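Just so you know, these numbers use all the heavy atoms, side chains as well, and skip hydrogens, waters and symmetry mates. If you're wondering where the values come from, they're calculated on a predicted model, not measured in any experiment. Count residues from 1 along the sequence.
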Amino acid sequence: RDEDKKMSKSTDFVLLLLATTLSLAAAQPGAYFEFEQIVDHDAVNQSLTFKQRYMTLDEYYKPGGPVFIFLSGEAPMEFFAFQTVQIRNWAQEQGALYINLEHRFYGKSNPVPGGSPYSTDNLRLLSSQQALADAAYFIERYNATKLAQPTDKWIMFGCSYSAGLAAWFRLKYPHIVLASIAPSGPVQATLNYTSFFGQFSNSAPSKCVAAAGDAAQQIQKLAASTDGLAQLSKMFSACAPLTQENTYYFLWTLMTAVGSADQMNNPPTWILNTTCQFLTNTSDTLAGFVKAFNFNQGQEAAAAMVREQQLLRSPAFQQSKSEAQQHARLSTLTRPHSTLRAEVGCNSFDEDAFIKSLMMSNNPNRAWWWQKCVEFGYFKPGYDGTSVFFTNLPVEHIVAYCERIFGIPNMTPHIDATNRYYGGYNLHATNVMFSNGLLDPWHLLSINEGTAPQGVTATDYEAGHCGTLIDATDNDPPSLVASREALYSFIKKQLQD
């Protein structure tokens, strides 16, 4: 009965998180508009345009005041509401206009709308360079046509991938914005990102690390035999019996769910702490790992539900004949297959089904996979000694997904080209400030205190991803409070100079 109570509490927590995430996504204040954006900034003929969404909050704006623009990243713009709280607070204090610009191919801002918006041919219009050009054109036009008193005091913000964009914007378009704030922005493209899961050992308490490692060894041993796979199928509620053909995807899914808990370890939820409670509150580490996996799948389900809400009204899904059909299609297109537990009572670890879903040209998840397969990599494999998790998951297997998903022979991310173009860790920009949570694996690909090149500033804190932009709580560690204050001091200094 005690176990039932614990599981009930964990379920209640996930449901609360889900409700909170959905409400945050729906509650972003401001008015929404559409901007006639250029489809291809590299084309000779730039007369073709598409409707790019943006929102503004001018409640506290003083004419002639600064403009704070947030670049949304790899999701609909509403998703980032909880990661823009501090920007809106700072805008209020500075009398600034706040703008959120949606990224092309995410949300409703699609350069090629229709029944197959994410086809491989269409996705050739998706890149970080096109996104930066979108922002430059938008700012120039908005300043010239929408502001009664145009200003050169534009400050750009981002979070995660879009924080990298904000930093790169100051590199490529320093004449357009005054400064950039880049929380948790990875700037070093990396194919074989083994350190991602290696960070777990530095972020989690030693007892938790030991429990995770012990469970991982048991799982890997069981996965080597038919009888062991049968046991794992039952333990992890697999929709179909696990096979050797799906072992890689099964282990990779488990590692991604549990090994990523440190990324979003921010107050007040402290997801890593809860994950570690599941792992250490029992002498049966394997049973604890199962509970930790199910808990973290709930986090993914909450995020997926947000994406679904934004896509329900898109034209591609309105073609469905009934609401039931729309929801069925959304479940296929926006949720990784390993999060089906809440809907059908099981987890799918079918690699072929995973790939086939990403081959569908109306699947919005293809957009971020395209950017990973073309520009950034960020693939997270597992080798002996790289983490406490699984040791037989080479990166080549993930790279091969690219060719299968997009149908391009020998497709491999252009890592070197990306780092040459932007500079990687050696970012030659000015008036850029990074903030990074030292518990977040992504800080390893970002610019931190002590490593910032000339012209770039950084502040670090003991928490997770984009912690400086989320709402403040009474549980914020002093280092997070200090980093948040450092960002705001940097902003005020830029506006005063």
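Distance check, rounded to the nearest 0.5 Å: CG of Leu444 to CG of Asn448 gives 7.5 Å.
Applying the side-chain contact (heavy atoms from CB on, under 4.5 Å) criterion to Ala472, with sequence neighbours excluded, gives Gln86, Asp476, Arg484. Remark: Asp134 pairs with Gln37, His41, Phe50, Gln52, Arg104 by the side-chain contact (heavy atoms from CB on, under 4.5 Å) rule, at least two apart or across chains.
Taking the centre and axis of the six-membered ring of Tyr378, the NZ or CZ atom of Lys380 falls outside the cone set by 45° and 6.0 Å. The cationic atom of Lys372 (NZ for Lys, CZ for Arg) does not lie both less than 6.0 Å from the six-membered ring centre of Tyr161 and within 45° of the ring axis.
The aromatic rings of Trp168 and Phe376 lie parallel to each other, with less than 30° between the two planes, well short of the 60° mark. Between Phe278 and Phe295, the two ring planes are tilted [angle within 30° to 60°].
Looking only at atom types and distance, the side chain of Ser128 has a donor-acceptor partner in the side chain of Tyr422 under 3.5 Å away. In summary, the side chains of Ser479 and Asp460 do not present any donor paired with an acceptor at a separation below 3.5 Å, with no hydrogens or angles considered.
Nearest heavy-atom pair across Gln297 and Ala257 is OE1-CB, 3.6 Å.
In summary, the aromatic rings of Tyr193 and Trp442 are positioned with their centroids under 6.0 Å apart. In this structure, Phe79 has its ring center no closer than 6.0 Å to that of Tyr106. Between Tyr142 and Phe35, the ring centre distance reaches or exceeds 6.0 Å. With ring centers used as reference points, Tyr54 lies under 6.0 Å from Phe33.
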Leu48 vs Asp40, side chain to side chain contact (heavy atoms under 4.5 Å, CB included): CA-CA, chis, key distance, verdict = CA-CA 8 Å; Leu48 294 178; Asp40 184 358; over 6 Å; no

